[in-house]
Visitor: 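Just passing along the structure, written as structure tokens.
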Amino acid sequence: MSRILLRMPNTRFYSKCLQSKEEISTSAPNPEVRVFARRKRQKKALEVSNEESKNEPIEQKPCGLPDIEEFAYKKANGPALSSKISGKLEATPDALVVGTEVASEIGARGEPPANWEKVLEGIRKMRATEDAPVDSMGCEKAGSSLPPKERRFAVLISSLLSSQTKDNVNHGAIQRLLQNGLLTAETIDKTDEATIKDLIYPVGFYTRKASNMKKIAKICLLKYDGDIPSSLEELLLLPGIGPKMAHLVMNVGWNNVQGICVDTHVHRICNRLGWVSQPGRKQKTSTPEETREALQLWLPKEEWVPINPLLVGFGQTICTPLRPRCGMCSVSEFCPSAFKESSGPSSKLKKPSQK
DNA sequence: GTCCTGGCGG
DNA sequence: CCGCCAGGAC
């Protein structure tokens, strides 16, 4: 029982260190290089003694940031935005000041799909009347009252737990961690993994997540002085943090929009709308990452953050994965997929389903 | 019973 | 590509 080693149980951690990131950046000016570099894999870099100076917090907004995670979005997608987009429809993505390496190269091209503003506006209106699970939560306390560093760490942990987990369940888990003082790298690092597992229990994949929490806490302690990484690339090196979470943490934790947070809702809906099937490109995108890149080609940057909660809520209530309710959708007239996949009960006949 | 979810490994 | 994780939705 008491074999809580001080070091990571995985020896590969040490043997395979270094040489971690290679070609993660999407900024390759060379069109031929593209982003092919399989940037995933090989997250196991735990170099400690290396640099520590470049991790200066670049807090842009002091403690005022109220919410964590998707709750922070709530304010962004209010009606106040409608005027913003209608006025700014020609804004190219690279017009805004963002991080170092974003869509500056790819941004210039890419024509917006027809009527995209009408569609967004229509979805916003539907979201105002329908109540989606994503926006019926008040958990202002979880992250807001904390100092910036702890708030960021809470954002990271909350993101980690949130996938495959209902918002209220995730909220409960975060609250339990908070009550036990387990929302900092130091305390998590000192806590038994089994304890964490129990506290976060109801969330999906809790075993994996408890393990990832321990690893993340240790990495943050050793490499970032207990703070969280402040760049996309470094966030992606954390176990359990993929593109979706990394962008979310950049948006909410650092207030630094490096890209669109594309989950399966955004992925699915953008494909149904034909928003990511430009003439020159492939017909459709097959992965969320491809969707993110295609979407970033034309979507004005003001929409990069609010589009996620907007489409997530829409995807939970109307444009559902199975049997989308096109009859209730006010923008179905603009949707090339409307009423096409709603009838087929099981359009997927991949599996023989015989046993 | 099958799909869905994000990240990950094979 | 497939499957695993844990659990909910259908």
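Just so it is clear, the values below take in all heavy atoms, side chains as well, and ignore hydrogens, waters and symmetry mates. Residue numbering restarts at 1 for every chain, and letters A, B, ... go by the order of the sequence lines.
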Visitor: For a quick check under 3.5 Å, do Glu117(A) and Asn115(A) share a side-chain donor-acceptor pair by atom type?
Guide: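 No donor-acceptor contact under 3.5 Å links the two side chains.
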
Visitor: For DNA chain B, whose closest nucleotide is more 5', that of His265(A) or that of Asn212(A)?
Guide: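 First, find each residue's nearest nucleotide; the 5'-ward one identifies His265(A).
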
Visitor: Can you tell me the distance, in whole Å, between the CG atom of Leu156(A) and the C1' atom of dG6(B)?
Guide: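 For the pair Leu156(A) CG and dG6(B) C1', the rounded distance is 14 Å.
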
Visitor: dC8(B) C1' sits how many Å from Leu160(A) CG, rounded?
Guide: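 Atom CG in Leu160(A) sits about 13 Å away from atom C1' in dC8(B).
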
Visitor: Classify Asp263(A) by what it touches in the nucleic acid, base, sugar-phosphate, or nothing, heavy-atom distance under 4.0 Å.
Guide: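 Since only primed, P, OP1 and OP2 atoms lie under 4.0 Å of Asp263(A), the category is sugar-phosphate.
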
Visitor: Under the salt bridge (Lys or Arg N to Asp or Glu O under 4.0 Å) rule, what do Asp227(A) and Lys149(A) come out as? Steps first, then yes or no, please.
Guide: CA-CA 6 Å; Asp227(A) 207 332; Lys149(A) 187 166 150 186; 5.8 Å; no

Visitor: Taking CG from Leu322(A) and P from dG8(C), how many angstroms apart are they, rounded to a whole number?
Guide: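 From Leu322(A) CG to dG8(C) P: 18 Å.
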
Visitor: From CD of Glu289(A) over to P of dC8(B), roughly how many Å is that when rounded to an integer?
Guide: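 It is 12 Å, rounded to the nearest whole Å.
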
Visitor: Any donor-acceptor pair under 3.5 Å linking the side-chain atoms of Ser162(A) with those of Asp167(A)?
Guide: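 The criterion, which ignores hydrogens and geometry beyond distance, is not satisfied for Ser162(A) and Asp167(A).
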
Visitor: Using a strict heavy-atom distance below 4.0 Å, which residues from residues 197-209 of chain A are in contact with DNA chain C?
Guide: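 By residue number: Tyr201(A), Phe205(A), Tyr206(A), Thr207(A), Arg208(A).
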
Visitor: In whole angstroms, how far is the C1' atom of dA9(C) from the CZ atom of Arg325(A)?
Guide: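 Checked: the CZ to C1' distance equals 11 Å.
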
Visitor: State the CZ-SG distance between Arg272(A) and Cys326(A), to the nearest 0.5 angstrom.
Guide: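 Nearest 0.5 Å value for the CZ-SG distance: 7.0 Å.
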
Visitor: Can you tell me how far CZ of Arg292(A) sits from CH2 of Trp304(A), rounded to the nearest 0.5 angstrom?
Guide: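 Interatomic distance, Trp304(A) CH2 to Arg292(A) CZ, rounded to 0.5 Å: 8.0 Å.
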
Visitor: How long is the line joining CZ of Arg268(A) and C1' of dT5(B), in whole Å?
Guide: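 Checked: the CZ to C1' distance equals 11 Å.
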
Visitor: With Phe334(A), which residues qualify under ring-ring contact (aromatic ring centres under 6.0 Å, His included), at least two apart?
Guide: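 Phe334(A) satisfies ring-ring contact (aromatic ring centres under 6.0 Å, His included) with no other residue.
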
Visitor: Rounded to whole angstrom units, what separation is found between the CG atom of Asn170(A) and the C1' atom of dG7(C)?
Guide: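 Interatomic distance, CG of Asn170(A) to C1' of dG7(C): 14 Å.
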
Visitor: Which value, rounded to the nearest 0.5 Å, describes the distance between Glu303(A) atom CD and Leu310(A) atom CG?
Guide: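 One finds 8.0 Å between CD of Glu303(A) and CG of Leu310(A).
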
Visitor: Return no unless some side-chain N or O of Thr264(A) is found under 4.0 Å from OP1 or OP2 of dT5(B).
Guide: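 Yes, Thr264(A) has a side-chain N/O under 4.0 Å of OP1/OP2 on dT5(B).
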
Visitor: Can you measure Met213(A) atom CE to dG6(B) atom C1' for me and round it to whole angstrom units?
Guide: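 My rounded result for the distance is 17 Å.
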
